[in-house]
Amino acid sequence: MSKLKEKLYDKIQQWRPRTQKLLHEYGDVVVDKITISQIIGGMRGIKSLVTDISYLDPMEGIRYRGYTLPEIFEKLPKPKGAEMPYVEGLFFLLLTGDIPNDSEISDVVDEFNKRRILPRYVYEVIDSFPCCSHPMPIFSAAITTMQRESFFARKYAAGLNKNDYWDPTYEDTLNLLAKLPEVATYIYAKLYRDGKRIQSNPHLDYGANFAHMMGKPAPYDDISRMNFIIHADHESGNVSAHTGHLVSSTLADIYLSISAMVNGLAGPLHGLANQEVLRWILAFMDKMNHEIPTEDEVKQYVWDTLHSGQVIPGYGHAVLRKTDPRYTVQREFCIKHLPDDLMFKYVDALYKTVPAILMEQGKAKNPWPNLDAQTGVIQWHSGVREFDFYTVLFGIGRSIGIAANLVWDRALGYPLERPKSITTEMLEQVAFGLIKPEDLGSE
């Protein structure tokens, strides 16, 4: 048994009694109330999910296992000479709650490298897509195709004790995550590099090997590590995370669950948002003939966008009420590595202008930038200018966090998700005081 798996097993044994005690002894304790606006408005803010892996604080941003992003980038071990931590170290932390030591990092790096080889049929599935396809459905299809490799599916069909569901789910998780860089870079080669694939290098860590297969020199290895880490998780209520949990609750294996997650991520209100940001900035640059705009010109472009009935892409967040720490991590990287990049100068000017305008307009609950406002700039600068591909990069990172969550879902025996729906007429009866909420029932 690997060091990671052994530590995870010990953690599971310690954690199960806590969950069982809450369920059996305190199951009737009321945690939250639900309003009509929450029911109709996308279930915003309803406290009905559990994850111990990440928590999104409105003022502080995301915490992974209790650590803020600055703490994550400070405490996680880094490859020799690297600025950004091992992605494998984040995965260890998400699964166990512990910062790994050098020996534990080496163990996970080795585990991923041993499992990185793709079956031949996956390349054939990717090759079968038309050349003009969006990379996200190809990415999703490739993951779905690998379902035939599922260790969990075989074990479940043969008969498996519920307490052991986490074990083959863990094996599936490592097998899938190890292969995602190869899947993604082969898709990139097919769509944008005339099919010229670069073979993986088993002597590199996760981020460095991804950069190698993308054909990008340093510091793209650090960019990849940073990208996968900041995108890994954002608690369980966002669409991609919740989709993964929901599908997995049926006891669908990790391949089906992560493929479903990818499809949720592909929507323009979620993972595709970084594309919208880049399109908006490029349109601004074209309008200015690629000259650096004045403060007044920036303000005018922002107001023109708002007056046209559009939102400012990359600004605001459903939960956060301050600048997204994921944005700040990327901004600091840009200040250090690409201060003279023209697109970054536009992003920097917008950062200094947009929040004040949104506050003046008075409609935005959060006028501050989120991670999407910065992500595409770094990729564009690095030569990855096919921004349809950016959401695939997001998908690799998000798979790491969600897969870790799904291992724990199985370990703690979380049940099939089945919320209750009601009719508009029922809501009206409650709103008008004709019936009491408790009269609606719960079954």
Run the numbers on Ser140 and Asn263 for side chain to side chain donor-acceptor pair (under 3.5 Å), then give the verdict. CA-CA 7 Å; Ser140 174; Asn263 292 332; 2.9 Å; yes
Do NZ/NE/NH1/NH2 and the carboxylate oxygens of Glu182 and Arg197 come within less than 4.0 Å? yes
Using side chain to side chain donor-acceptor pair (under 3.5 Å), reason through Asn274 and Thr375 one step at a time and then give a plain yes or no. CA-CA 7 Å; Asn274 51 37; Thr375 304; 5.4 Å; no
Check whether Arg116 reaches the backbone of Lys179 with its side chain - one donor and one acceptor, N or O, closer than 3.5 Å. no
Verdict with supporting geometry, Leu427 and Ile40, side-chain contact (heavy atoms from CB on, under 4.5 Å): CA-CA 10 Å; Leu427 282 182; Ile40 296 178; 3.9 Å; yes
For the residue pair Ser240 and His270, confirm or rule out a side-chain donor-acceptor distance under 3.5 Å. yes
Answer yes when Arg410 and Asp164 have at least one side-chain N-carboxylate O distance shorter than 4.0 Å, and no when they do not. no
Pi-cation contact, Trp380 with Arg279 (under 6.0 Å, within 45°): no
side-chain contact (heavy atoms from CB on, under 4.5 Å) evaluation trace for Trp368 with Asp324: CA-CA 7 Å; Trp368 308 107; Asp324 191 336; over 6 Å; no
For a quick check under 3.5 Å, do Thr68 and Glu60 share a side-chain donor-acceptor pair by atom type? no
If you count every heavy atom of other residues, nucleotides or ligands that lies below 6.0 Å from Glu425 atom CD, does the total exceed 12? no
Determine, using ring centers only, whether Tyr327 and Tyr351 are less than 6.0 Å apart. yes
Between Asp52 and Lys11, is the closest basic N to carboxylate O distance under 4.0 Å? no
Salt bridge check: are Lys5 and Glu111 linked by an N-O gap of less than 4.0 Å? no
Relative to each other, are the rings of Tyr186 and Tyr123 parallel, tilted or perpendicular (30° and 60° limits)? perpendicular
Using only heavy-atom distances, determine whether the side chains of Tyr9 and Gln14 contain a donor-acceptor pair under 3.5 Å. no
Under the 3.5 angstrom rule, does the side chain of Ser259 hit a backbone N or O of Tyr255 as a donor-acceptor pair? no
Side-chain ion pair, Asp98 and Lys7, N-O less than 4.0 Å: yes
Determine the interplanar angle of the Phe152 and Tyr156 rings, folded into 0 to 90°, and report it as parallel if under 30°, tilted if 30 to 60°, perpendicular if over 60°. parallel
Between Arg331 and Thr323, do the side chains contain a donor N or O and an acceptor N or O under 3.5 Å apart? no
Would you please indicate yes or no on a ring centroid separation below 6.0 angstrom for Phe112 and Tyr206? yes
What class does the angle between the rings of Phe284 and Trp280 fall in, given that below 30° is parallel, 30 to 60° is tilted and above 60° is perpendicular? tilted
Are side-chain N/O atoms of Thr51 and Asn405 paired as donor and acceptor at under 3.5 Å? yes
Quick one: which residue pairs count as a ring-ring contact (aromatic ring centres under 6.0 Å, His included) with a foot in residues 33-70, not counting sequence neighbours? none
